[in-house]
Amino acid sequence: CGNLTEIVLPEGLAEIRDYTFRSCKSLERAWIPESVTDIGYQAFEGCTGLAIHGVAGSYAEAYAAENGFPFREEAVTVDKVRVEGLVQDTSGNGIEGVSVLVYDLLKNEETGLYKTGADGRWGTDETLSGGRYLLRYHHPKYKFIEEEAVIEPAGDVYDAGTVTGELVYETTGETGTFTYETIQGNDIRITSYEGTARRLEIPSEIDGYAVREIGEGVFRENQELTHVLLPEGLRKVGTSAFQGCSLLEYVGFYGELTEIGSYAFGECVSLVETDFPVSLKTIRDNAFRGCTGLETVQLPAGVSTIGYRAFYGCTALEEFGYPAGLAEASSDIFSGCVKLKSITVPEGVTKLAGNVFARCTYLTEVTLPSTLEEIGDSAFYGAVGLTGITLPEGLEVIGNEAFRGCTGIEGIVLPDTVRKIGYQSFRDCKNMSSINYPLGLEECGGSAFDGCTALVSMTVPEGVTKVADNAFSYSELQKISLP
């Protein structure tokens with residue numbers, strides 16, 4: 001937040017957590033509403049030029065007085081900044097119809113999805129001065145030299161620059177015969193296909209109806225398709241739509257698709273890389289299961305759900321881009337991904353989705369962001385290849401069974417900001433010989449250290465006035481040092 005100068009927190013907010021704005025050195029004004037009744041440890045540490053604004057007699061005024069910040073009653077407004085950019089091809093011509101995702105990294109939410117015009121230009125008036133935003137570009141026929149960029153807009157108009165796209169797919173016009181059913185109004189779902197196309201282009205309209213979904217099993221086991229360009233306006237690829245298309249090596253998505261169904265591309269063994277649309281939100285169970293040629297997966301920030309075994313058995317997968325907006329994940333997503341050794345969770349993520357790395361047995365390294373506050377239930381359950389992990393200062397919650405069965409971990413340092421450790425969080429980490437007791441721990445689930453046979457001693461630090469309930473229940477500890 002190096003360029004953040006002003007912030008207005010919303011009415012209804014009750015708590016500002018530990019370290020939230022720590023080291024935001026440029027922050028000059030912060031409006032804290034009356035609804036805030038708790039501000040965490042070092043929430044504004046290092047904000048040397050900060051003045052706190054709020055209502056007289058509020059908690060914000062008391063906090064400012066206790067922590068040496070000037071207090072003012074004047075309202076704070078954050079100015080909007082217009083962001084503009086240009087997308088062009090390698091000849092300098094504008095590219096029409098490029099989807100541009102603008103994602104707020106401070107709020108960890110999508111600001112908007114925009115399209116370039118005929119001249120390749122795009123713009124938005126929804127960004128704020130001092131904010132930090134991720135830009136991601138997508139078009140099914142182009143590969144962008146700089147697919148993503150991070151900007152911190154300032155002034156009245158901010159120039160996001162020029163992005164160049166290289167044409168990677170030439171239109172062929174190959175199509176076929178389709179049957180369909182009506183979903184609602186003018187929207188249809190394709191239900192079957194007849195044809196022999198190898199480079200298929202599915203139309204966006206059939207008989208005047210808009211194609212919104214590819215139905216269940218429409219292209220399943222098709223052994224002729226090598227390339228598929230999906231239509232503009234498509235919102236969903238259905239269950240098993242392309243399952244078993246063993247020669248399929250290219251899939252082109254336009255920027256309206258939100259869901260990829262179960263087994264949609266399962267066993268598409270020739271698929272090496274897929275450029276996912278910026279509009280994508282949900283990847284269902286087993287969606288890419290057994291795609292043994294898939295080497296790289298870069299998901300857009302707005303993906304919020306990944307289903308059970310979504311990338312199971314992708315034995316060539318080496319690189320995975322963790323989406324900043326991921327909120328829900330099922331187990332075994334990466335089971336059998338023997339080449340996937342390391343993953344970096346991007347800055348801005350505050351909660352690691354439950355189950356996300358469960359039984360990812362070949363994963364040896366995960367880099368967590370400084371913004372992380374919570375590790376979800378079973379996030380690393382059975383990740384036996386993980387030998388260690390650095391938990392960031394500011395982490396508060398470690399979920400139930402979060403590290404259960406991580407037999408490769410020999411030691412772990414818990415930051416003093418951790419206030420809750422869930423049920424069986426470290427159970428059966430049998431090689432873990434060292435772990436500390438966090439100074440701020442308030443709650444601990446039962447059997448947190450059950451089966452940690454190498455862990456024989458623990459010291460509770462000075463300053464702790466109460467040992468959390470169940471902290472050592474069913475542990476193998478032989479010695480506990482109390483303050």
Atom CZ of residue position Arg72 - does it have more than 12 heavy atoms of other residues, nucleotides or ligands inside 6.0 Å? no
Side-chain (Asp377) to main-chain (Gly399) donor-acceptor, under 3.5 angstrom: no
Drop me the distance from Ser447's OG to Asn400's CG, to the nearest 0.5 angstrom. 11.0 Å
Between Phe334 and Phe320, how do the two ring planes meet: parallel, tilted or perpendicular, split at 30° and 60°? perpendicular
Between Lys420 and Glu396, is the closest basic N to carboxylate O distance under 4.0 Å? no
Check Glu126 with Lys80, please: is the shortest side-chain N to carboxylate O separation under 4.0 Å? yes
Quick one, Val87 and Tyr142 - any side-chain contact, counting heavy atoms below 4.5 Å? no
Do side-chain atoms of Asp285 reach the backbone of Tyr308 as a donor and acceptor pair under 3.5 angstrom? yes
OG1/Thr292 to CD/Glu295 distance, rounded to the nearest 0.5 angstrom? 10.5 Å
Heavy-atom count check: over 12 atoms from other residues, nucleotides or ligands less than 6.0 Å from Tyr362 OH? no
So does Glu273 pair up with Lys143, basic N to acidic O under 4.0 Å? yes
One should read off an interatomic distance between Leu271 CG and Leu294 CG, to the nearest 0.5 angstrom, of 6.0 Å
CD1 of Ile375 to CG of Leu395, rounded to nearest 0.5 Å, is 5.0 Å
One pair to check against side chain to side chain contact (heavy atoms under 4.5 Å, CB included): Tyr59 and Asp38. What are the steps and the verdict? CA-CA 8 Å; Tyr59 178 83; Asp38 184 43; 4.1 Å; yes
With a 4.0 Å cut-off, would you call Glu45 and Arg22 a salt bridge? no
Salt bridge check, Glu6 against Arg29: does any charged N sit closer than 4.0 Å to a carboxylate O? yes
Neighbour count >12 (heavy atoms, 6.0 Å) for atom CD, Glu15: yes
What about the rings of Phe69 and Phe21, do their centers lie closer together than 6.0 Å? no
For the side chain of Thr258 and the backbone of Arg235, is there at least one donor-acceptor N/O pair under 3.5 Å apart? yes
Under a 3.5 Å threshold, yes or no: a donor from one side chain and an acceptor from the other, between Tyr114 and Thr124? yes
Does any non-hydrogen side-chain atom of Arg427 lie less than 4.5 Å from one of Tyr474? no
Would you check if there is a donor-acceptor pair between the side chains of Glu319 and Gln298 at a distance under 3.5 Å? yes
Does Glu84, at its CD atom, have more than 12 non-hydrogen atoms belonging to other residues, nucleotides or ligands within less than 6.0 Å? yes
Go through Arg17 and Thr350 one step at a time and tell me if the side chain to side chain contact (heavy atoms under 4.5 Å, CB included) criterion holds. CA-CA 11 Å; Arg17 293 189 171 182; Thr350 57; over 6 Å; no
In terms of side-chain geometry, is the basic nitrogen of Arg136 or Glu148 positioned less than 4.0 Å from the acidic oxygen of its partner? yes
Under 6.0 Å from the NZ atom of Lys281, do we count more than 12 heavy atoms belonging to anything else shown? yes
Would you say Glu109 has more than 12 foreign heavy atoms packed within less than 6.0 Å of its CD? yes
Before we go on, tell me: are the rings of His139 and Tyr254 under 6.0 Å apart, centre to centre? yes
Distance col, row Leu368:CG vs Thr371:OG1, nearest 0.5 angstrom, shows 9.5 Å
Got a salt bridge between Lys430 and Glu476, using NZ or NE/NH1/NH2 to carboxylate O under 4.0 Å? no
Can you tell me how the ring of Tyr137 sits relative to the ring of Trp122, calling it parallel under 30°, perpendicular over 60° and tilted otherwise? perpendicular
Leu299 side, atom CG; Thr274 side, atom OG1 - distance, nearest 0.5 Å: 10.0 Å
Between the side chains of Glu347 and Arg132, is the shortest nitrogen-to-carboxylate-oxygen separation below 4.0 Å, so that they form an ion pair? no
Are side-chain heavy atoms of Met458 and Phe472 found at a separation under 4.5 Å? yes
Inspect the contact between Arg284 and Glu259 and indicate whether a charged nitrogen and a carboxylate oxygen are less than 4.0 angstrom apart. yes
